[in-house]
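Notes follow once the structure below has been shown.
All chains are named by letter (A, B, ...) in the order of the sequence lines, taking the proteins before the strands, and each is independently numbered beginning at 1.
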Amino acid sequence: MSSRRSPRRSPPLADHDLSRTFARARLAGSTLDAARALIGARLARDDRAGRIVEVEAYIGTDDQASHARFGRTARNAVMFGPPGIAYVYLVYGMYDCLNVVTEPEGRPAALLIRAIEPVSGEAAMRHARLEAAVRRGHTEGPAGIAAVARRIEAIPSARLASGPGLAAIAFGLSRADTGLDLLDPRSPIRLEPAPAEAATPPIATSARIGIAYAPEPWRSVAWRFFDPTSAAVSGR
DNA sequence: GCAAAGATTTGCT
DNA sequence: GCAAATCTTTGCC
């Protein structure tokens, strides 16, 4: 590039709207506070966006349901790092799940994104869902890919990302995305605050899902947070 | 080095 | 309503 070009202090952020940057401070403190802050916030990719409607908190090495219960390992290392970073893991050998790291560096904690209500880019989400079905060999039956494509077209919008595995598929996320800074406006996947005009959503709580293996009190603690008015909440 | 289990989803009985 | 699918991570011998 020519040295006569006017220098840029940072990459193309000149027209970036700062009101669309989620505040790292909201993730750096209590994970339970951060969980409430995430309900109604947005997850955005270039061609799609959605409203987070369900999250679960996993806090510290004492939490016997958390991946951090074994201490720091190769898999969970980012949970011990700074807040706002993506932690994507493979569950049951089949599905990737997105977490947002919380709390200061050195304290392992994260919020599992369990459900997202699509706001835009539903076609991209359906396309991602079809690609996932092809990868899993679900299109090799007698019905073929056309039948699977029709079935995916028929899925209601609110069901496109209504579970942790489905949310990752809808947004095209995989373990390779672990380490991404979700609060960097230049990141391909970003966390953004709810629009100023959006109403504050109601928030309900319950025990976390799928952790029956954990001893009490971890099994029953109400660390799942969701918007009970959303049709996109998982398990309905 | 091996065995067990898992922060899920889907399809069939 | 139950069980299969699928493979990485972790604990233990």
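Of the candidate nucleotides B/dA7, B/dT8, C/dG11, B/dA7 has the atom nearest to the side chain of A/Leu112. Nearest to the side chain of A/Phe70, among C/dG11, B/dT10, B/dA7, sits C/dG11. Closest to the side chain of A/Arg175, from the set C/dT8, B/dT10, B/dA7, is C/dT8. Distances from the side chain of A/Met94 to the nucleotides C/dC7, C/dA5, B/dG6 place C/dA5 closest. Listed nucleotides: C/dT8, B/dG6, B/dT10. Nearest to the side chain of A/Tyr92: B/dG6.
Rounded to whole angstrom, the span from the CD1 atom of A/Ile169 across to the P atom of C/dT6 amounts to 14 Å. When rounded to the nearest whole Å, the span between OH of A/Tyr87 and P of C/dT9 equals 9 Å. In this structure, the OH atom of A/Tyr89 is 14 Å from the C1' atom of B/dA5, given to the nearest Å. Look at CZ on A/Arg224: it is 11 Å from P on B/dT8, rounded to the nearest Å. Between A/Ile155 atom CD1 and B/dG11 atom C1' the separation is 14 Å, expressed in whole Å. Following rounding to the nearest Å, A/Asp96 (CG) and B/dA7 (P) show an atom-to-atom distance of 14 Å. In this structure, A/Arg219 places its CZ atom 14 Å from P of B/dA7, rounding to the nearest Å. Taking atom CD1 on A/Ile209 and atom P on B/dT9, their separation rounds to 11 Å, with Å as the unit.
Partner of A/Asp63 under the salt bridge (charged side-chain N to carboxylate O under 4.0 Å, His left out) criterion, chosen from A/Arg107, A/Arg69, A/Arg208: A/Arg208.
Distances shown here put a side-chain N or O of A/Thr73 below 4.0 Å from the OP1 or OP2 atom of C/dT10. A sub-4.0 Å separation between OP1 or OP2 of C/dT9 and a side-chain N or O of A/His67 is absent. Regarding contacts with the backbone of C/dT9, every side-chain N or O of A/Arg72 stays at 4.0 angstrom or more from both OP1 and OP2. The side chain of A/Arg69 contributes no N or O atom lying less than 4.0 Å from OP1 or OP2 of C/dT10. Close to C/dT10, at under 4.0 Å from its OP1 or OP2, lies a side-chain N or O of A/Arg75.
Annotation: side chain of A/Glu105 is not in contact with side chain of A/Phe80 (no heavy-atom distance under 4.5 Å). Counting heavy atoms from C-beta outward, A/Leu38 and A/Leu191 have side chains that approach closer than 4.5 Å. Using a 4.5 Å heavy-atom threshold, the side chains of A/Phe226 and A/Val53 count as separate.
Interatomic distance, CG of A/Asp184 versus CD1 of A/Ile189, reported as 12.5 Å (0.5 Å rounding).
The C1' atoms of C/dA3 and B/dA5 are separated by 16 Å, rounded to the nearest whole Å.
Checked against a 6.0 Å centroid threshold, the rings of A/Tyr58 and A/His67 do not count as neighbours.
Here A/Tyr58 counts as stacked on B/dA7: its ring centre is under 5.5 angstrom from the base ring centre and the planes meet at under 30°.
Annotation: of the two residues near DNA chain B, A/Gly210 and A/Arg151, the 5′-most nearest-nucleotide partner is A/Gly210.
Partner assigned to C/dT8 is B/dA5, using Watson-Crick or G-U wobble distances below 3.5 angstrom.
Side-chain N/O atoms of A/Tyr213 and base N/O atoms of B/dA5 include no donor-acceptor pair closer than 3.5 Å.
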